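Note that the coordinates shown come from a computational prediction; the quantities given were computed from them, not determined experimentally. Every number for a ligand or one of its atoms is a count from 1 in the order of the listing.
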Amino acid sequence: MDAASLSNQMNGHGGIQVETPIWINGQVVPLSQAKVGVEDRGFQFADGVYEVVRFYNGRFFTLREHMERLARSAAGIRLALPIPVEQIAQEMRNFLPLAKLSDGFIYLQLTRGECERNHRMPAKCSPTLLFHARPLPPAREPGEGEGVKLLAVADERWKRCWIKCIGLTANILAKDDAISQEYDEAVFVERELITECCTSNVFAVLGQTLVTHPVGAKVLPGITRLVVLDVAAKLGIRVEERALREEEVKRADELFITSTTREIHWVQRYNDRYIGQGRCGPMTTKLHRAFRDRVRAETAREIAA
Ligand code: PLP
């Protein structure tokens with residue numbers, strides 16, 4: 001999709017086409033008609049989890065991995081899924097053609113549903129599950145485009161970062177710090193150790209070794225991160241999953257971030273420090289090319305609904 005048709009798709013309603021369809025609790029309705037109650041615990045307490053799943057050419061990429069993480073996140077907040085993840089995946093496959101988009105992502109949200117406001121979890125609840133699609137411009141070619149500028153901020157998040165929960169206040173504040181100082185993304189630092197960014201995972205290339213923080217309490221198990229680690233293993237690249245010191249990051253040969261919507265994106269600057277040669281490095285380009293091959297192979301297999 002070119003820039004003009006993309007902007008035609010994104011009009012009104014906070015950038016989303018008003019009549020775009022949304023799947024909500026088993027019904028498909030125009031977005032403007034979808035309603036969630038004021039007492040929904042997602043609204044009251046951010047008591048919910050979410051997923052962002054990419055599709056290329058009308059076909060999902062790593063849908064199974066995203067559904068597995070959704071199940072883990074839901075279990076992490078002690079919320080039983082209203083329908084099995086296999087059925088959610090099938091509903092998403094059935095829904096995608098209705099969105100009439102070639103390249104984009106599905107945003108999915110699951111909350112504990114509506115009930116009288118009380119911190120105590122309700123004995124019985126009726127979860128709210130919804131998803132809809134949004135367009136993305138065609139992905140950049142590996143190594144092309146501007147690098148990302150990272151601003152280091154204190155990691156003040158909770159210790160269950162493996163749960164992809166909708167309570168994102170610390171991430172939003174960090175992003176705002178970055179944007180307001182003309183950076184693109186915030187990178188969290190805890191006692192001089194790098195954890196991850198506010199919307200992505202982070203990798204450093206030190207010599208011929210790829211290093212990234214282990215997932216768990218402090219880092220979301222990013223699906224793109226998972227694919228990158230797998231691709232790196234297949235390329236015979238040495239990988240270390242350990243915390244990176246700020247000093248190492250500043251002197252890294254290459255630095256890149258990963259996420260579903262950004263794939264692999266090279267980092268140009270960490271605070272005021274240029275990384276490596278100040279352009280996309282060879283290991284990052286090589287991994288991004290291999291990642292793209294993986295996307296092509298998997299989306300060719302994914303059965304269009
Ligand atoms: N870390 C955080 C805090 C994120 O919010 C995200 C994506 O939203 C990621 C990492 C990357 O995860 P994924 O590759 O699954 O998109």
Side-chain angles (χ1 to χ4, degrees), residues 46 48-56 60-74 76 85 89 92 103-110 131 133-134 136 139 148 150-179 183-190 193-204 210 212-232 241 243-244 255-267 284 287-288 290-292 294-295 298:
V49 295
Y50 75 106
E51 271 302 327
V52 174
V53 189
R54 183 89 184 237
F55 54 89
Y56 297 84
F60 286 111
F61 179 59
T62 54
L63 179 57
R64 182 175 51 80
E65 290 81 352
H66 282 278
M67 292 298 103
E68 286 169 1
R69 185 173 64 185
L70 175 67
R72 289 197 304 273
S73 294
V85 280
M92 285 169 64
D103 292 279
F105 63 91
I106 290 261
Y107 174 80
L108 176 150
Q109 184 166 307
L110 170 69
F131 56 79
R134 295 184 68 171
L136 278 174
V148 174
L150 295 184
L151 178 72
V153 302
D155 197 343
E156 291 167 338
R157 299 173 302 159
W158 72 334
K159 296 288 185 286
R160 299 185 199 191
C161 293
W162 58 273
I163 302 174
K164 197 164 169 66
C165 60
I166 59 174
L168 291 170
T169 311
N171 305 54
I172 290 167
L173 291 172
K175 189 77 167 186
D176 188 57
D177 284 340
I179 300 295
Y183 287 82
D184 305 303
E185 176 77 329
V187 57
F188 291 119
V189 183
E190 190 189 53
L193 297 176
I194 308 287
T195 52
E196 63 177 332
C197 295
C198 67
T199 63
S200 52
N201 293 110
V202 63
F203 287 75
L210 190 60
T212 192
H213 198 291
V215 297
K218 296 175 183 176
V219 168
L220 181 80
I223 304 302
T224 321
R225 175 189 182 281
L226 191 70
V227 176
V228 167
L229 290 179
D230 192 46
V231 158
E241 288 187 72
L244 281 153
L255 202 60
F256 63 85
I257 61 169
T258 60
S259 79
T260 296
T261 53
R262 303 178 95 137
E263 297 185 340
I264 295 174
H265 203 148
W266 69 283
V267 173
T284 308
L287 284 166
H288 200 175
F291 179 89
R292 267 305 159 68
R294 179 68 71 89
V295 170
E298 188 182 314

Could you check whether the rings of Y56 and F61 sit parallel, tilted or perpendicular, using 30° and 60° as the cut-offs?
perpendicular
Selection from T195, V219, I223 by shortest heavy-atom distance to atom 15 (O) of ligand 1:
I223
Please determine if S259 has a nitrogen or oxygen closer than 3.5 Å to a nitrogen or oxygen of ligand 1.
no
Salt bridge or not for E185 and K175, using N-O below 4.0 Å?
yes
Taking only heavy atoms of G222, which atoms of ligand 1 are found under 4.0 Å from at least one of them?
12 (O), 13 (P), 14 (O), 15 (O)
Hey, does C197 sit under 4.0 Å from ligand 1 if you only count heavy atoms?
yes
Measure across G222 and N201 and return the closest heavy-atom pair with its distance rounded to 0.1 Å.
CA-OD1, 3.2 Å
Check: T258 side chain, E263 main-chain N or O, donor-acceptor pair, under 3.5 Å:
no
N-O pairing of K218 and E196 below 4.0 Å:
no
For L220, atoms of ligand 1 separated by under 4.0 Å from a heavy atom
1 (N), 2 (C), 4 (C), 6 (C), 9 (C), 10 (C), 12 (O)
Which atoms of ligand 1 sit under 4.0 Å from any heavy atom of T258?
11 (C)
Counting from 1, what ligand 1 atoms have a heavy atom of E196 closer than 4.0 Å?
1 (N), 2 (C), 3 (C), 10 (C)
If you compare E51, K164, R157 by their heavy atoms, the one closest to atom 8 (O) of ligand 1 turns out to be K164
Give the numbers and elements of all ligand 1 atoms closer than 4.0 Å to a heavy atom of T224.
13 (P), 14 (O)
Decide yes or no for Y50 and L110: does some side-chain heavy atom of the first lie under 4.5 Å from some side-chain heavy atom of the second?
no
For ligand 1, which atoms sit closer than 4.0 Å to a heavy atom of C198?
3 (C), 5 (O)
Under 4.0 Å, counting heavy atoms only: does V52 come that close to any atom of ligand 1?
no
Under 4.0 Å from a heavy atom of T199: give me the atoms of ligand 1 that qualify, with their elements.
2 (C), 4 (C), 5 (O), 6 (C), 7 (C), 8 (O), 9 (C)
Counting distance only, does the side-chain N/O of R54 pair as donor-acceptor with the main-chain N or O of F105 below 3.5 Å?
no
Closest non-hydrogen atom pair, E298 against L63:
OE2-N, 4.3 Å
Test item: H66 side-chain N/O and V52 main-chain N/O as donor-acceptor pair under 3.5 Å
yes
Check each heavy atom of T260 against ligand 1 and say whether those closer than 4.0 Å belong to the side chain, the backbone, both or neither.
both
